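These notes concern the structure reproduced below.
What you see is a predicted model; the values in this text were computed from it and never measured. The first residue in the sequence is number 1, and the count goes up from there.
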Amino acid sequence: MTSASTLSEPTDTAPSRRWWTLATVGLAQLMVVLDATVVNIALPAAQADLGFSDGDRQWIITAYSLAFGSLLLLGGRLSDLVGRKRTFIIGLVGFAAASALGGAATSFGLLVGARALQGAFAAVLAPTALAVLTTTFTVPKERARAFGVFGAIAGAGGAIGLLLGGFLTENFDWRWNLYINIPIAIVAVLGAIVFVRHVTRTGPRPKLDIPGTVLVSGALFLLVYGFANAESEGWESPLTWGMLVGSGVLLVAFVLWQLRARHPLLPLAIVLDRNRGAAYASVLIAGAGMFGIFLFVTYYLQTSLGYSPIQTGLSFLPMIGMLVLAAQLSTNLLVPRFGPKVMVPFGMLLASGGMVYLTHLDATSTYAADILPPLMILGFGMGSIMPASMQSATLGVDREFAGVASAMVNTSQQVGGSIGTALLNTLAATAATDFIAAHTPPTEQVIADAAIHSYTVAYWWGAAFFAAGAVMSALLFRRRGDGLSLATPRPTGATTTTSSSAPSDADTGATPVAVH
């Protein structure tokens, strides 16, 4: 058994400073999340400018998600080891520099490399931002409000990216979809310098779990790459299944290593807690569904209905509004009263209903009657899922492991988005091919109808994802008041390190994670 270091918080806890900290980390989170979608609308213009093929264009998106998804746990642990304020600023500066490189790219390879760098620095920035929030807001009522805002940003960031991408592409140049990160990062860096508190470490510095880092990073890389390869090469590809099987092997090896490691990268008690495990699974399912919504509704609006990029982005605004409204209602009224066991399944069922509503869209559908209602339903559903899940995912975790616990939230969302995009796109492509084969000859009308049919198939599968999420979350989340009686098992010979300024178990209803 080794002694663990402790984190000593400064005494400056002025409310105004805490809320300015929230604004700072919110900017960082918005930048990370919107960058996963802001480039989507710019892709046709970038492709025309740089001259890459249709087969290559997916790598502009995949390079970001590969680096982001595979390095998130490492990024979260670095924030615990190096210091959250320092890591936060490094992530912001690196992300801005990678964005500048991508905006100035003169070749396809340079743009892909810049997107991979963006993903790597996002993997440092995103969990650090959530860890800063977790350790800044320790009063339960304020914490709930802060996570309501943060959850709204996390859920709405993708839709904001579509809106911003359409505006920048149509009025400026596709490169501004990358350059826009620079002023956002500058403001966030200044906010971090002034408002984010420095945490003083006492005792020996914990060590980085190098074998665990290599195993889990490799597993996540192969998982995301495998699903990305399925999107381009199909499920019959040996490379696809080789990657997915390899990912499973590395994940098993990672779990076995964590059971015996002296300084585990991810103490298994973090994910084995019922509430946290349910929260991570809920974020994964919500990420899969949300990315699918953006992908297929965007293509439907632009290719089937002829919307411009800016019109497409504006079409998602009501969804964003409903998401923000639901997040605030959930945080301030509904989650405190009903808990995540009610709110997360409720949000999942709403989202499932919204996806079913989308299945009736055709070439003659109108925005007000056919597209707006399901988008608003989906927005309210996502706003009910995210805040409750994000709060549950980080409650009761020792400050020493706040970064890696926060990283699991982002890992779940990113891996869910990657899996959802690849799986739904593959199902949609197969449906379109089968439709064309059954309606020969392939006239322009048949091809147009095949596209709409493929979107419908994707919506039905998305509805099934959310319905399964509703059942899963209803079964796994504890009833309110059960948190104290259902304690997380503590490994033999473990010690627990908790800062004196951390919320008490009575406040959170959760048990601190044991640390070897």
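- Here Leu358 contributes atom CG and Phe296 contributes atom CZ; the two are 12.0 Å apart, rounded to the nearest 0.5 Å.
- Using a 4.5 Å heavy-atom cutoff, the side chains of Asp434 and His453 are not in contact.
- Between Phe95 and Tyr64, the two ring planes are perpendicular [angle over 60°; tilted spans 30° to 60°].
- The distance from the CG atom of Leu111 to the CD atom of Gln118 is 8.5 Å, given to the nearest 0.5 Å.
- For the pair Leu27 and Val187, the minimum side-chain heavy-atom distance is below 4.5 Å.
- Met472 is listed as a side-chain neighbour of Leu476, based on a closest heavy-atom distance under 4.5 Å.
- A 4.5 Å side-chain heavy-atom check between Ile180 and Leu168 finds at least one atom pair inside the cut-off.
- No donor-acceptor distance shorter than 3.5 angstrom exists from the side chain of Asp173 to the backbone of Trp176, with no hydrogens or angles considered.
- Tyr299 OH: 12 or fewer foreign heavy atoms inside a 6.0 Å radius.
- A donor-acceptor pair under 3.5 Å links the side-chain atoms of Ser217 to the main chain of Ser70, judged by distance alone.
- Atom CH2 of Trp461 is surrounded by 12 or fewer heavy atoms from other residues, nucleotides or ligands within 6.0 Å.
- Listed by chain and residue number, nothing satisfies the ring pair (Phe, Tyr, Trp, His ring centres under 6.0 Å) test with Trp460 (two or more places apart in sequence, or in another chain).
- The OG1 atom of Thr24 sits 10.5 Å away from atom CD1 of Ile193, with the distance rounded to the nearest 0.5 Å.
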